[in-house]
Amino acid sequence: EGMGALHQLYYDPNIENKNLAQKWLMQAQVSPQAWQFCWVLLRPEKVPEIQYFGASALHTKISRYWGDIPAEQYDTLKTQLFSQIAHFASGSKIVLTRLCVALASLALNMMPEAWPGAVSEMVRMFQEEGGEVDGRARCLALLELLTVLPEEFQTSRLPQYRKGQVRGALGREWTAVYPLLQQLLRQPDSPPLVKARVLKCLSSWVLLDVPLNESEGLVEASFTALADPELFDTAVEAIVNTISQPDSQRYVNTLLKLVPQVLQLQEQLRDAIQNGDMETSHGICRIAVSLGENHSRALLEQVEHWQSFLALVNMIMFCTGIPGHYPVNETTSSLTLTFWYTLQDDIMSFEAEKQAIYLQVYRPVYFQLVDVLLHKAQFPTDEEYASWSSDEKEQFRIYRVDVSDTLMYVYEMLGAELLSNLYDKLGRVLTNTEPTTTWQHTEALLYGFQSIAETIDVNYSDVIPGLIGLIPRININNVQLADTVMFTIGALAEWLADHPVMLSSVLPLVLQALGNPDLSVSSVSTLKKICRECKYDLPPYAANIVAVSQEVLIKQIHKTSQCMWLMQALGFLLSALPVEEILRNLHSLITPYIQQLEKLAGETPNPSNKLAIIHILGLLSNLFTTLDITKQEEESGENAPPIKSAPPQTGPNPVVVVLQQVFALIQTVLSKWLNDSQVVEAVCAIFEKSVKTLLHDFAPMVSQLSEMLGQMYSTIPQASALDLTRQMVHIFASETNNFPPIKALFELVTSVTLTIFQQGPRDHPDIVDSFMQLQAQVCFWFLISFTLGFSLLFRCPFLSHFSSLLSCTELIPRCADIPPVGQVVQENGKLLLLAVLEAIGGQSSRSVMDQFAEVLFCLNKHCFALLTVWLKEALRSPGFPSSRVSNEQKDTFSQQVLRERVNKRRVKDIVKEFTLVCRGLHGTEYAADY
């Protein structure tokens, strides 16, 4: 039966038969009979696939069911495996490997007590002259066994305490392995295949953290092997693995001996680069980087050897600046970048005096690094770049981002001098003192500036005015250069906010670029940054910015996402204008879209007009996301000079004015598209973004929006309507004037949703999710605003699998695994606590104290850190929660509550006791009945 199953597994084309066979064979492997059939399957007359299964079954039994093997059978099993390995040494390689893995597993399970000196015995067994198997085959079988042993240890299922014992025993056995590997690697007549296996074996054993000084000779021999093309790759792996093991940094003397050996590879490296041999140059670079990156601290500390370490640093610099363009002509330079971070960190971590000495040596090196990196970041010629595949272009883009991050990091060490250095170079390039300059050179220098200015505050730098002055002199004749000019201006937006006089020299460039579809991303994102950072200085330019933006929007130059960014930019811009001007600009900006929307609303729904509707609604959403006139007073008070502050606003918010004007039109659109969730989502987004930005200024819209949402949700329930309801609850719950329509809306959506759930909530996972978030929000407000809370919260029956979530005491435990609930707890938890304390203080009937105790217990159990802070802050207020309790009594109550995270009954008693004190009833006959 087993043979038939194996035949099906390997040769039957029918996938179902294969699966059945696989299942049968998996069960067979773990059956008690496996011991018998394993050896049968390994017989010489069987085909390799069947022998392989036999060997795998043996390994499975030994590694997973070790406890089933009686101790008296260990030695027999060992002898059988040795003899099978000897037999297969000149047979099938895949079967040999599985048998070696089985013997390795046996050794690991028996070490150290039941099989002391296991590795030494393996070496001895295979070195003995053995009849029919030739020496070379036996040698390769032994190397295979020694290689899989540490690998099997890494994946073994040994219990933790055994792992420690076995690792120690294996470490002690290295002395039996090392001389064998050394001899085979150094023997002139060892065949290349044997040497390659030796190097693999070394790579495997260093995973066990064998001491570096004990493998020194082998590492040296591995360096010699690099000269042999057949062994090069395995030698690189062996050296890199040995140098990279964490333990190796303890062996400084050995590391110092390795530095000259790495430096000797420079000639081979140069030859490889000259001959276009990328694999060799890559391998040598990996070795140099692994030594530098893993051991820079240890090698820097060896002050008397500073020159040899500096030579290694320069060798890595050569690898960073390797000729050719990444990733087409070379893939090596990217490997070196983390080394420069590590070296800088190590130097900067020295105490001041020592650091100063190292900086004298290494600052010039890092200035050279900046030149090298900017050279590597240069674009190739237009012709060459055009021949690159899109994948190569994307890899090059990512590489430039890595270079940019490195430059930003290096700035920490070089400081303002780096900017001056870049500025001088750019000045020389742009004033034509270097006639051979290409656009690529200019672009790379600007890219360097942009990398630093994007994340570092350059306000103090005295070269930025000069740089802004140079930008208009750049002859922009290329898309990549134009992009970088844009991004550089964008990176300086904060600086421009502090130096608004310079806006006039760069803004025209940005507005001009807006009309070029090739510069879409860079020009729009730069305008958005300028409008966000400099809005109080832009009123003189506002008309021009709006006119250019309108023109490019009408001409449809930009893709959807850039159109959205552009609307956000205009929102920032308009926020700083007087209300009449905002309204005037909004009118001219939005009217064409409203007319278009009116036309679309009259058409029969189809896919193309759906996209157009969603696009227009998206433009409005994005405009309203950033159009925020309330920020004017706050910002002008803090960081803007008085001259920038706008006159105080009167009358309704401009966004509300527009929303009221288009409300009927939006209702018309909705009536046609109510069953399309994307259109409904786009409509809700307009109001959601407006509510978030306007906050309480949105009040005039609450009533009509609540009514519209109720009608929408009753007709066709959609998750986006629930999300918008939640926003309104969050902002208006505490406002008595605005809350009634929201309360009515909440009751309506709850009732509709419960009906859906009775029919089966699984069909509406998005509604379930949004509904739970809404309930989490409302739950807190209900508990906080009691009048509403007890009337609805406990009156609203939920289906069994939601009821557990609805009361706060069941909701709070979910704050860790349901992020929205966690957020609601964070935002509203303190208010909830204040309400609970107020109730305990006497504002609520004593009959419900147990429920409040449960809320406290729950907060303590699941939000202990937050509750500690909230309690301290809340009870600090004089006379709260009752004028009858002293500070000492409040402290005692707080400590008692915080101490009880397990005993809920005890918390209820503490709350009862405290509420009696708060009410002045402690020790009275009322208390006795309580």
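Keep in mind that the numbers below use all heavy atoms, side chains included, and drop hydrogens, waters and symmetry copies.
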*Asks:* Please name all residues satisfying side-chain contact (heavy atoms from CB on, under 4.5 Å) with Thr625, sequence neighbours left out, ordered by chain then number.
*Replies:* Lys689
*Asks:* With sequence neighbours left out, write down each residue that passes side-chain hydrogen bond (donor to acceptor under 3.5 Å, both in side chains) with His696, or none if nothing qualifies.
*Replies:* Glu735
*Asks:* Using ring-ring contact (aromatic ring centres under 6.0 Å, His included) as the criterion, list what pairs up with Phe624, not counting sequence neighbours.
*Replies:* none
*Asks:* Are Arg584 and Glu581 packed together at the side-chain level, in the sense that at least one heavy-atom pair is separated by less than 4.5 angstrom?
*Replies:* yes
*Asks:* Compare every heavy atom of Gln440 with every heavy atom of Thr381, then report the nearest pair and how far apart it is.
*Replies:* CA-NE2, 3.5 Å
*Asks:* Of all residues at least two apart in sequence or in a different chain, which pass the side-chain hydrogen bond (donor to acceptor under 3.5 Å, both in side chains) check with Asn475?
*Replies:* none
*Asks:* Which pairs pass ring pair (Phe, Tyr, Trp, His ring centres under 6.0 Å) with one or both residues in residues 474-495, sequence neighbours excluded?
*Replies:* Trp495-His499
*Asks:* State which residues pass ring-ring contact (aromatic ring centres under 6.0 Å, His included) with Tyr541; sequence neighbours excluded, sorted by chain then number.
*Replies:* none
*Asks:* With sequence neighbours left out, write down each residue that passes side-chain hydrogen bond (donor to acceptor under 3.5 Å, both in side chains) with Asp345, or none if nothing qualifies.
*Replies:* Tyr409
*Asks:* Pairs under 3.5 angstrom only: tabulate donor-acceptor contacts from the side chains of residues 513-521 to other protein residues two or more places apart or in another chain.
*Replies:*
from	atom 1	to	atom 2	distance (Å)
Asn516	OD1	Asp518	N	2.9
Ser520	OG	His558	ND1	2.7

*Asks:* If the condition is side-chain hydrogen bond (donor to acceptor under 3.5 Å, both in side chains), which residues does Asn544 pass it with, not counting sequence neighbours?
*Replies:* none
*Asks:* State whether Lys555 and Glu551 are salt-bridged, where the test is any N-O pair (Lys NZ or Arg NE/NH1/NH2 against Asp/Glu carboxylate O) under 4.0 Å.
*Replies:* yes
*Asks:* According to side-chain contact (heavy atoms from CB on, under 4.5 Å), who are the partners of Gln678, at least two apart in sequence or on a separate chain?
*Replies:* Lys610, Ile614, Asp676
*Asks:* Show the atom names and distances, to 0.1 Å, of all donor-acceptor pairs under 3.5 Å that link a side chain in residues 309-324 to residues at least two apart or in another chain.
*Replies:*
from	atom 1	to	atom 2	distance (Å)
Asn314	ND2	Leu310	O	3.3
Thr320	OG1	Ile316	O	3.1
Thr320	OG1	Thr336	OG1	2.8
Thr320	OG1	Trp340	NE1	3.1

*Asks:* Excluding sequence neighbours, so at least two apart, what forms salt bridge (Lys or Arg N to Asp or Glu O under 4.0 Å) with Glu330?
*Replies:* Lys376
*Asks:* Hey, can you tell me if Trp439 and Phe379 have their rings parallel, tilted or perpendicular (30° and 60° cut-offs)?
*Replies:* tilted
